[in-house]
Amino acid sequence: MKNFTVERLSFDSLTELPNSWQAHDYKALLKETGYDNPDEIEPAELKAMALMSLTDLEPAEAAQMVLGYLFADQLTTGQVENLAHQMLTEKLWEENPELSQHEGFYKATQLLYEAYNGKFPRAEAVQFQVQLTPENPEDLAAFDTQPEAPLLRLLAQGMPDNTLLKRLFHEQLDGTSFPEAPSIVWQLNAVKKTDSAVVFDVVSSAYWLDDFKYADTYQATTQPDTVVEEVE
């Protein structure tokens, strides 16, 4: 076990994931809706034009288009059609059993929510910065590969016992195999790193990590994964 001091530096709620939709994404959606020359649109106008082109469609039809674009290699046409209808009422980024697809469902919902002025569920995510200071500086190496698992083990210890992450993944948090961790931590960046500490910027669903907003500075232990598994 590796001992750390964990300090929450900031915490914000989000309705959009940072940098989740880029210019090339908006152009691709415009082409899907039949727009002839999206390359001629000013970059600052791309998002507005993409949203406008989506609203020319029925909500479920627009959802099919967005999901078809995001999950072209992962979902069948039939799955896309079913999920597009579910999206109107369900928080698929929380409720769908495929954890690896949650971030994509979030991205789809945030765009459609904005386009249709609330006809889709309101997407809720969190972004925070946390400083990790090890008792032994060499223990920072735990975050050199697959940092999401050892990070979640530390974060969980700052959250209540009844928090969802602990209830559903207590074995993974206690053990050394947590293949679901990268599907729970959607964006992870080391914004500051010294020989004695690291500061991570974390983006995830409020579903998993909203309770971390109550965390203060605390002591916690962690361990890196030793069993490497790929989540399909």
Side-chain angles (χ1 to χ4, degrees), residues 11-128 164 180 182-188 201-210 213 231-232:
F11 194 97
D12 295 294
S13 296
L14 306 176
T15 54
E16 294 184 20
L17 300 184
N19 306 310
S20 55
W21 288 95
Q22 303 287 333
H24 68 271
D25 298 310
Y26 295 129
K27 289 178 183 178
L29 289 178
L30 282 162
K31 286 178 182 173
E32 289 282 334
T33 58
Y35 197 94
D36 289 335
N37 298 303
D39 289 332
E40 295 176 4
I41 300 172
E42 290 293 322
E45 302 295 323
L46 271 171
K47 180 180 180 180
M49 290 296 292
L51 293 177
M52 199 182 308
S53 70
L54 286 173
T55 55
D56 287 339
L57 307 170
E58 288 297 314
E61 191 182 353
Q64 281 187 50
M65 182 175 293
V66 174
L67 289 179
Y69 170 66
L70 287 174
F71 295 109
D73 301 325
Q74 299 180 53
L75 298 174
T76 66
T77 304
Q79 287 174 317
V80 167
E81 194 172 319
N82 290 336
L83 289 164
H85 286 282
Q86 290 177 31
M87 276 186 74
L88 284 159
T89 55
E90 296 178 26
K91 297 180 176 182
L92 291 184
W93 69 94
E94 297 178 359
E95 297 167 16
N96 191 274
E98 293 295 333
L99 239 66
S100 62
Q101 296 173 358
H102 280 196
E103 185 178 0
F105 288 131
Y106 189 102
K107 286 168 60 174
T109 307
Q110 77 179 39
L111 191 74
L112 292 160
Y113 177 87
E114 187 172 354
Y116 285 92
N117 199 23
K119 283 189 179 175
F120 288 82
R122 185 175 184 270
E124 296 169 331
V126 296
Q127 181 174 23
F128 57 87
L164 190 67
E180 300 89 352
S183 298
I184 293 171
V185 178
W186 291 344
Q187 296 181 21
L188 182 62
D201 187 85
V202 182
V203 176
S204 178
S205 170
Y207 186 63
W208 296 118
L209 295 182
D210 192 52
K213 66 187 175 190
V231 178
E232 290 299 325

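Since the structure is predicted, the reported quantities are computational estimates derived from the model, not experimental observations. Just the heavy atoms: all of them, side chains too, but no hydrogens, waters or symmetry mates, feed the values below.
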CA sep, side-chain torsions, deciding dist, call: E16, E114, side-chain contact (heavy atoms from CB on, under 4.5 Å): CA-CA 10 Å; E16 294 184 20; E114 187 172 354; 3.2 Å; yes
Side-chain (Y106) to main-chain (A125) donor-acceptor, under 3.5 angstrom: yes
Show, in sequence, the C-alpha distance, side-chain angles and deciding distance for L29 and W21, and conclude whether the side-chain contact (heavy atoms from CB on, under 4.5 Å) test is met. CA-CA 11 Å; L29 289 178; W21 288 95; 3.8 Å; yes
Euclidean distance, L112 CG relative to F120 CZ, rounded to 0.5 Å: 4.5 Å
Take S205 and H102 through the test side-chain contact (heavy atoms from CB on, under 4.5 Å) and record every step on the way to the result. CA-CA 9 Å; S205 170; H102 280 196; over 6 Å; no
First locate atom CH2 of W93, then atom CE of M87, and finally report the distance between them rounded to the nearest 0.5 Å. 8.0 Å
Rounded distance (nearest 0.5 Å) linking atom CZ of F71 with atom CG of L67: 6.5 Å
Shortest non-hydrogen contact between Q74 and Q79, atoms and distance: O-OE1, 4.1 Å
Please confirm whether the backbone N or O of E42 pairs with a side-chain atom of E45, one donor and one acceptor, at under 3.5 Å? no
Using the ring-ring contact (aromatic ring centres under 6.0 Å, His included) criterion, which residues pair with Y207? Sequence neighbours excluded. none
Are side-chain heavy atoms of V126 and K213 found at a separation under 4.5 Å? no
Side-chain donor or acceptor of Q187 paired with backbone N/O of P18 under 3.5 Å: yes
Does atom NZ of K27 have more than 12 heavy-atom neighbours, drawn from other residues, nucleotides or ligands, at distances under 6.0 Å? yes
When you look at Y116 and L57, which way does the side-chain contact (heavy atoms from CB on, under 4.5 Å) test go after all the steps? CA-CA 10 Å; Y116 285 92; L57 307 170; 4.1 Å; yes
Side-chain heavy-atom pair I41, Y35 within 4.5 angstrom cut-off: yes
Is a side-chain N or O of D25 found less than 3.5 angstrom from the main chain of Q22, in a donor-acceptor match? yes
Heavy-atom pair of closest approach, residues L88 and A60: CD1-CB, 4.2 Å
Determine the minimum heavy-atom distance between W208 and L99, stating which atoms define it. CZ2-CD1, 4.2 Å
How far does CG of D56 sit from CG of L51, to the nearest 0.5 angstrom? 11.5 Å
For S204 versus L209, what's the shortest heavy-atom pair and its separation? CB-CD1, 3.6 Å
Measuring from L46:CG to L30:CG, what's the distance to the nearest 0.5 Å? 6.5 Å
When every non-hydrogen atom of H85 is compared with those of E81, the smallest separation belongs to CD2-O, 3.1 Å
Test item: Q110 side-chain N/O and L17 main-chain N/O as donor-acceptor pair under 3.5 Å: yes
Specify the closest pair of heavy atoms between S53 and A50, including all atoms of both residues, with the distance to one decimal. OG-O, 2.7 Å
Roughly how far, to the nearest 0.5 Å, is the OH atom of Y26 from the CG atom of L54? 10.0 Å
